[in-house]
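Note on naming: letters A, B, ... go to the chains in the order of the sequence lines (proteins, then strands), and numbering restarts at 1 for each one. Owing to the predicted nature of the structure, the values given are computational and were not obtained by experimental measurement.
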Amino acid sequence: MDKRKFYITTPIYYVNDKPHVGSAYTTIAADALARAHRLRQIPTYFLTGTDENSQKNLEAAAKAGVDDLQAYLDSMAEVWKRTWRELGISFDDFIRTTEERHHRGVERFWRAVEKSGDINKATYEREYCVGCEEFKTPTDLLDGKCPLHPNRPLEKVSEENYFFRASNYKQQLLDLYRDKPEFVQPQSRQNEIRSYVESAFDDLSISRESKKLSCGIPVPGDDSQRIYVWFDALINYMTAVGYGTDDEMFRKWWPASLHLVGKDIIKFHCALWPAMIMSAAKSDGLLQAEDGSALLPERVYAHGFFTIDGQKISKSLGNAVDPLDLAKKYPFDAVRYFLLREIPFGEDGDFSTKRLEERYASDLGNRLGNLVNRVIAMSAKYFDGKVPQTDVEAAGEGMDDTVWDGAEGLAGLWSEAEKHIEAARLDLLLDQVWNSDGASLTAANKLVEQTQPFKLFKEDPEKTAIVLYALLEACRQYAWMVEPIMPNVANGIIRQLGQDPDVEKAKGIEELKKWGGLVPGTELHPGEVLFPRLIS
RNA sequence: CGCGGGAUAGAGCAGUUGGCAGCUCGCCAGGCCCAUAACCUGGAGGUCGCCGGUUCGAGUCCGGCUCCCGCAACCA
């Protein structure tokens, strides 16, 4: 990953409905990764947005009884934006594919692909599946029906369309997967993509007649045709950072460091999208690296889907969870923690409020919250409300006859954390912080038992000062380890430790990682319980 | 031969490069009392779906088999 910048994206969402917990999952994951990079003072650009050129939106507007499509799109885009804001999503940009900047970039991109000779006009008669929004070849069909949407009649479409000659890039794509295996993440998806490209990746229609498609971006130079959804949608990742409108900005941010997507759209992102860029780059120097090769996104990471209490998310079953409702019922940091901790990133998982409440009580309340609470309470009680005066270096040593590895153990935790962030495995990061040997939260709770500061104080106040300092300092470091996932909780801990989160953050991660960030004598602010028991 | 996911302790799940089977919850017995009835220790509980193979060694790799889940529409 490019250390100088981090450009992360979520898919752009259809606005035919409000967000549910699934789209929130993608967005929260992206947010946590964005925050992790910002905390490391890596210039970060976090993009999300809405896909507004889809036929589906038209249908949704009609269903909602709204005549004015643009008004419908505006109001729905606002719903999405507001939801993300309320969930504390720290997006830097929100792109709508009906925006002027997007249209201009798409136009430029189209012309580049055209110039490269990869767009041709042809009359085809093909089966079009409205569900997939794509044409089906005979080999795609099962009993003459779309295998994904067997109950939806295929439309026989015979018209003159523009085609993108994706097949010209088959070999280059296969080379890409071979030379840069990290391009497709997680690993388990690589074979899937490779075999898809080898067997099923073909030229595809990228426009429809305007008279049949009443929304979408007109084909440059041919108003009788409009670009259809996927071809225009993918380009949002470029137009948001200035492609077609601001070359300087584009050079700063492109290529994307990470496209976060659901597993359903991995083919578009790992095959079609790089092929499109390879083509456009041949005719547009802005898309070329210094060696002339196409500037492709660095990685595409597909996360899994989850069920709700073992059942597929389905609006007809009424189990589509509204993330805003969750945020009302639970502290939202807890929901973020749950989603990112519970499901191994990249795998499918299950979402249940029962599990959420279990994790909340156990991981957050009993382990993290209780540790912070007891350690600060003891320090305040025995040391006049302050961080105990002691030899900071000595307090960083591992302690004999205990499991505690001290500063060294925490440093180990940090280096693991960096690896997990790089790999987008925040679930593993959290697991380490909670459950590893040496300096985890569990180890810290054990240290309290093994040293018993609440007794030790009477016999040996100096030793007690060392133990409590070590624990307070560990809490400070835990706060920064979990900050990308639980920003509010982290700030709360830092404040209770008598520090200002903003001032601390400005020091940079290397400083925050160092043992001894907590200055002896600092006034503690024993505060609110971090994770109050839930009333069910 | 449609595609994909899965089968590991009572429940829910981890197990990146093959090296004594782990985590959370629950259960039993103890300890502690600083703390959110929280924390700590010990324990019961597994033929890692089945059969074969590779290997000094397989939950992990290879082959075969059985069973389960998702794949109309809404839908990451």
Side-chain angles (χ1 to χ4, degrees), chain A residues 10-11 13-14 16-17 19-27 29 56 59-60 63 130-131 139-143 145-153 186-189 192 195-196 200 260-265 302-307 310-320 341-344 347-350 352 354-355 357-359 361-382 403 419-420 423 425 427-428 431 434-436 442 444-457 464 468 471 526 528-534:
Chain A
T10 73
Y13 303 104
Y14 285 138
N16 54 3
D17 207 344
H20 66 64
V21 70
S23 23
Y25 177 55
T26 318
T27 310
K56 288 182 183 176
E59 292 166 14
K63 213 171 179 179
V130 181
T139 53
D140 289 335
L141 300 177
L142 192 66
D143 297 332
K145 293 170 182 173
C146 168
L148 296 174
H149 306 91
N151 288 357
R152 211 153 165 171
Q187 252 187 350
S188 55
R189 296 279 165 204
E192 187 183 337
S195 68
Y196 165 69
L260 221 55
V261 300
K263 65 177 183 179
D264 55 333
I265 52 176
H303 67 252
F305 282 0
F306 50 82
T307 48
Q311 284 191 307
K312 183 176 153 55
I313 294 179
S314 146
K315 278 163 199 166
S316 55
L317 285 173
N319 68 346
R341 169 71 186 87
E342 178 78 355
I343 301 159
E347 305 280 314
D348 288 344
D350 185 54
S352 86
K354 181 167 172 281
R355 279 293 289 164
E357 289 177 10
E358 276 177 18
R359 288 249 183 225
S362 170
D363 293 1
L364 297 179
N366 297 350
R367 288 179 187 278
L368 175 58
N370 186 51
L371 177 75
V372 170
N373 198 19
R374 70 199 300 212
V375 165
I376 291 182
M378 281 190 281
S379 302
K381 188 167 169 186
Y382 304 140
V403 297
K419 284 183 207 158
H420 294 318
R425 289 298 300 271
D427 57 308
L428 296 178
D431 187 43
W434 260 258
N435 294 321
S436 59
T442 299
N445 272 316
K446 286 182 185 177
L447 179 64
V448 175
E449 295 309 315
Q450 289 171 333
T451 56
Q452 308 216 323
F454 41 87
K455 278 188 184 164
L456 187 64
F457 181 66
T464 308
L468 286 179
L471 287 163
E528 301 272 311
V529 161
L530 289 166
F531 303 99
R533 297 197 147 265
L534 297 169

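A7(B) and C50(B): their P atoms are spaced 13 Å apart (whole Å). Distance noted for atom P between U60(B) and G49(B): 8 Å (whole Å). Only the C1' atoms considered, U17(B) is 42 Å distant from A35(B), to the nearest whole Å. With both ends at atom C1', the span from A58(B) to C48(B) equals 11 Å, rounded to whole Å. Comparing G2(B) with G10(B), their C1' atoms are spaced 38 Å from each other, to the whole Å. Across the C1' atoms, G26(B) and C13(B) are found 15 Å apart, a figure rounded to whole Å. Going from the C1' atom of C62(B) to that of G18(B) covers 13 Å, rounded to whole Å. G70(B) and G12(B) are spaced 16 Å apart, taking the P atom of each and rounding to whole Å.
A distance of 11.5 Å separates CH2 of Trp434(A) from CG of Asn445(A), quoted to the nearest 0.5 Å. Rounding to the nearest 0.5 Å places OG1 of Thr442(A) at 5.0 Å from CG of Asn435(A). Atom CG of Asn366(A) sits about 13.0 Å away from atom CZ of Arg359(A), to the nearest 0.5 Å. The line from CG of Leu364(A) to CG of Leu530(A) is 9.5 Å long, rounded to the nearest 0.5 Å.
Nucleic acid contact class of Pro344(A) (heavy atoms, under 4.0 Å, all strands): sugar-phosphate only. Phe457(A) comes within 4.0 angstrom of nothing in the nucleic acid, heavy atoms only. Tyr25(A) comes within 4.0 angstrom of nothing in the nucleic acid, heavy atoms only. Within 4.0 Å of Asn373(A), counting heavy atoms only, lies at least one base atom of the nucleic acid. Across all strands, Asp427(A) comes closer than 4.0 Å to no nucleic acid atom at all (heavy-atom distances). Nucleic acid contact class of Glu347(A) (heavy atoms, under 4.0 Å, all strands): sugar-phosphate only.
The nearest whole Å value for the distance from the CD atom in Glu449(A) to the P atom in A35(B) is 13 Å. One atom, CG of Asn366(A), and another, C1' of U24(B), lie 11 Å apart when rounded to the nearest Å. The separation between Leu447(A) atom CG and C32(B) atom P is 19 Å, rounded to whole Å. Between Leu371(A) atom CG and C33(B) atom P there is a gap of 18 Å when expressed in whole angstrom units. In this structure, Lys455(A) atom NZ and C40(B) atom P are separated by 17 Å, rounded to whole Å. Atom CG of Asp348(A) and atom P of C13(B) are 11 Å apart (whole Å). Going from atom CH2 of Trp434(A) over to atom C1' of U24(B) covers 13 Å, rounded to whole Å. Put simply, CD1 on Ile343(A) is 16 Å from P on G12(B), counting in whole angstrom units.
Of the candidate nucleotides A76(B), C13(B), A35(B), A35(B) has the atom nearest to the side chain of Ala377(A). Across G12(B), A76(B), U36(B), the shortest atom-to-atom separation from the side chain of Arg355(A) is found for G12(B). In the set U24(B), G4(B), C32(B), U24(B) carries the atom at the smallest distance from any side-chain atom of Asp363(A). Distances from the side chain of His303(A) to the nucleotides A76(B), C23(B), C25(B) place A76(B) closest. Side-chain proximity of Arg533(A) to G6(B), C74(B), U36(B): nearest is U36(B). For Val529(A), taking side-chain heavy atoms from C-beta onward, the closest of the listed nucleotides G4(B), U36(B), U24(B) is U36(B). Considering only side-chain atoms of His20(A), the nucleotide from A76(B), U24(B), C34(B) that sits closest is A76(B).
Put simply, the side chain of Asp348(A) gets close to the backbone of Phe305(A): a donor and an acceptor are under 3.5 Å apart. Looking at Gln450(A), its side chain does come within 3.5 Å of a backbone N or O of Val403(A) through a donor-acceptor pair. At least one donor-acceptor pair under 3.5 Å links the side chain of Thr27(A) to the backbone N or O of Ser23(A). Using modelled atom types, one side-chain atom of His303(A) and one backbone atom of Val261(A) make a donor-acceptor pair closer than 3.5 Å.
Note on Arg189(A): every side-chain N or O is 4.0 Å or more away from OP1 and OP2 of G4(B). Remark: Lys446(A) is in phosphate contact with U41(B), judged by side-chain N or O atoms under 4.0 Å from OP1 or OP2. For Asn370(A), no side-chain nitrogen or oxygen approaches OP1 or OP2 of A37(B) to under 4.0 Å. Between Ser362(A) and U24(B) there is no side-chain polar atom (N or O) within less than 4.0 angstrom of OP1 or OP2. For Arg367(A) and U24(B), the shortest distance from a side-chain N or O to OP1 or OP2 is below 4.0 Å. A close approach under 4.0 Å does occur between a side-chain nitrogen or oxygen of Arg425(A) and OP1 or OP2 of G15(B).
Between Lys263(A) and Gly304(A), the shortest heavy-atom distance links the atoms CD-CA, 4.4 Å.
Between Leu530(A) and Glu342(A), the residue whose closest nucleotide on RNA chain B is further toward the 5' end is Glu342(A). Comparing Pro532(A) and Thr442(A) along RNA chain B, the residue whose closest nucleotide (by nearest heavy atom) sits nearer the 5' end is Pro532(A).
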Dot-bracket for RNA chain B, 5' to 3', counting Watson-Crick or G-U wobble pairs under 3.5 Å, with [ ] for crossing pairs and | for inter-strand pairs?
.((((((..((((.....[..)))).(((((.......))))).....(((((..]....))))))))))).....
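Salt bridge absent: Lys446(A) and Glu449(A) never bring a charged side-chain N and a carboxylate O closer than 4.0 Å.
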